[in-house]
Amino acid sequence: MMGRIIDGKAIAAELREELRREVGELRSRHGLVPGLAVVLVGEDPASQVYVRGKERACAEVGVASFGHHLPESTTTGELLDLIGRLACDPAVHGILVQLPLPAGIDEAQVLLAIPPGKDADGFHPLNVGQLATGSPTFRPCTPWGVMHLLRKAGVDPKGKEAVVLGRSNIVGKPVAMMLLAAHATVTIVHSRTADLAAQVRRGDIVVAAVGRPRLVRGDWLKRGAVVIDVGINRLADGKLCGDVHFEEALPVVEAITPVPGGVGPMTIAMLVKNTVEGAKRQSGLVGPV
Ligand code: NAD
């Protein structure tokens with residue numbers, strides 16, 4: 001028996017379509033056009049691809065995107081000035097600063113400068129704290145996308161063992177928080193974990209966010225596990241692969257996301273959703289939570 005493939009591309013397209021309808025109504029009923037500022041510093045090729053994808057998704061849904069593509073030589077001060085202007089711009093409901101920033105820029109200072117109410121990526125410490133204490137406002141996009149995929153795949157984390165590989169602020173830690181809020185029993189494993197395979201084998205739900213191609217082998221997985229593979233790794237032949245050995249995993253698991261076509265498209269759809277929700281909050285159309 002082969003596992004099901006969770007089609008992130010289709011699930012993300014379905015969400016974008018829902019958002020497109022909602023944005024159409026916001027425009028016709030309230031004259032509200034949600035807007036996202038997309039700030040890219042430097043020439044990192046992967047970041048350029050991500051930013052293009054985000055701008056394309058905004059266009060498809062009817063969200064205005066304001067691209068600010070700055071040279072590698074940009075200083076922290078210049079970037080803070082731009083964020084200050086975007087913070088005051090009423091047409092901008094979400095501010096996204098594409099990471100990683102060039103080495104010379106103080107990333108922590110930049111993330112703190114984004115007003116929490118426009119923090120479409122959900123990385124500001126206030127938003128991180130609200131997620132941790134159980135009253136999230138802006139949720140980080142990739143972990144939120146993981147939870148959306150689980151829901152659409154019919155998987156309720158309640159009472160299940162969830163194993164998260166990776167402890168980054170962007171994916172590992174926040175997805176663990178979300179799984180905990182959804183009543184899973186959560187284990188976070190990382191580069192210093194003693195017996196990785198033994199830990200992963202306990203998981204009814206496994207979320208891999210490590211950045212090591214095919215690290216998780218088929219025999220690391222419990223039979224019937226549901227696997228969400230966040231990793232995006234480029235192989236020597238130019239092809240992309242995840243953190244999980246997909247071919248080995250498929251006969252063992254109940255369901256698994258592919259790479260590409262799994263979490264990636266969901267992340268972008270959630271960013272657009274955050275922008276739409278932010279626009280509604282800033283226009284007083286919904287409460288703060
Ligand atoms: P990161 O480098 O910040 O964190 C990686 C984590 O993996 C660390 O916590 C580290 O402890 C752990 N780790 C590293 N090597 C390990 C090993 N050998 N065994 C166990 N744990 C190990 O990465 P990140 O930003 O969390 O991203 C992780 C992966 O997810 C990357 O491939 C990235 O490209 C991908 N990603 C995808 C999306 C998406 O939209 N699909 C979004 C963000 C990140």
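One-based numbering, in listed order, for ligands and for the atoms of each. Residues take their numbers from the sequence shown, with the count starting at 1. This one's a predicted model, so the numbers in the text were calculated from it and none came from an experiment.
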(message) Could you identify the single nearest non-hydrogen protein atom to atom 36 (N) of ligand 1 and state the distance to 0.1 Å?
(response) Val230 O, 3.7 Å
(message) Is the contact between Thr142 and ligand 1 made by the side chain, the backbone, both, or neither, using heavy atoms and a 4.0 Å cut-off?
(response) side chain
(message) Within the structure provided, determine whether Glu72 and Val41 are in side-chain contact (heavy-atom separation under 4.5 Å).
(response) no
(request) Number the atoms of ligand 1 from 1 as they appear, then name those within less than 4.0 Å of a heavy atom of Leu196, with their elements. (result) 19 (N), 20 (C)
(request) Show your reasoning for whether side-chain contact (heavy atoms from CB on, under 4.5 Å) applies to Gln109 and Leu112. (result) CA-CA 5 Å; Gln109 206 184 340; Leu112 264 179; 5.7 Å; no
(request) Check whether any N or O atom of Ile232, backbone or side chain, sits under 3.5 Å from an N or O atom of ligand 1, and answer yes or no. (result) yes
(request) Please determine which of Thr137, Leu126, Val128 meets the side chain to side chain contact (heavy atoms under 4.5 Å, CB included) test together with Pro116. (result) Leu126
(request) May I ask whether Gly264 has any heavy atom positioned less than 4.0 angstrom from an atom of ligand 1? (result) yes
(request) In plain terms, say whether Lys280 and Glu277 are close enough for a salt bridge, that is, a side-chain N and a carboxylate O under 4.0 Å apart. (result) yes
(message) For Lys9, is the NZ atom crowded, meaning more than 12 foreign heavy atoms sit under 6.0 Å from it?
(response) no
(message) Using a plain distance cutoff, I'd like to know if Asp243 has any nitrogen or oxygen under 3.5 Å from a nitrogen or oxygen of ligand 1.
(response) no
(message) Students should be able to answer this: which protein heavy-atom is nearest to atom 4 (O) of ligand 1, and at what distance?
(response) Ser168 CB, 3.7 Å
(request) Please write down residue, atom name and distance for the protein heavy atom closest to atom 2 (O) of ligand 1. (result) Val210 O, 4.4 Å
(request) Would you mind telling me if ligand 1 is within reach of the side chain of Leu165, the backbone, both or neither, using heavy atoms under 4.0 Å? (result) neither
(request) Determine yes or no for a side-chain-to-main-chain donor-acceptor pair under 3.5 angstrom, with Lys118 supplying the side chain and Ala87 the backbone. (result) yes
(message) Testing the basics here: between Gly35 and Phe66, what is the closest heavy-atom pair and its distance to 0.1 Å?
(response) CA-CE1, 4.0 Å
(message) Which residue and atom name correspond to the protein heavy atom nearest atom 44 (C) of ligand 1, and how close is it?
(response) Val171 CG2, 3.9 Å
(message) Counting C-beta onward and ignoring hydrogens, is there a side-chain heavy-atom pair between Arg56 and Glu60 closer than 4.5 Å?
(response) no
(request) Just need the protein heavy atom nearest to atom 9 (O) of ligand 1, so name the residue and atom and give the distance. (result) Arg167 N, 2.8 Å
(message) Does only the side chain of Thr267 get under 4.0 Å from ligand 1, or the backbone, or both, or neither? Count heavy atoms.
(response) side chain
(request) Going by heavy-atom distance to atom 29 (C) of ligand 1, choose the closest among Gly211, Ala208, Gly8. (result) Gly211
(message) Applying a heavy-atom cut-off of 4.0 Å, say which part of Arg212 lies close to ligand 1: side chain, backbone, both or neither.
(response) side chain
(message) How close do Asp229 and Gly242 get, counting heavy atoms only, and between which atoms?
(response) OD2-CA, 3.2 Å
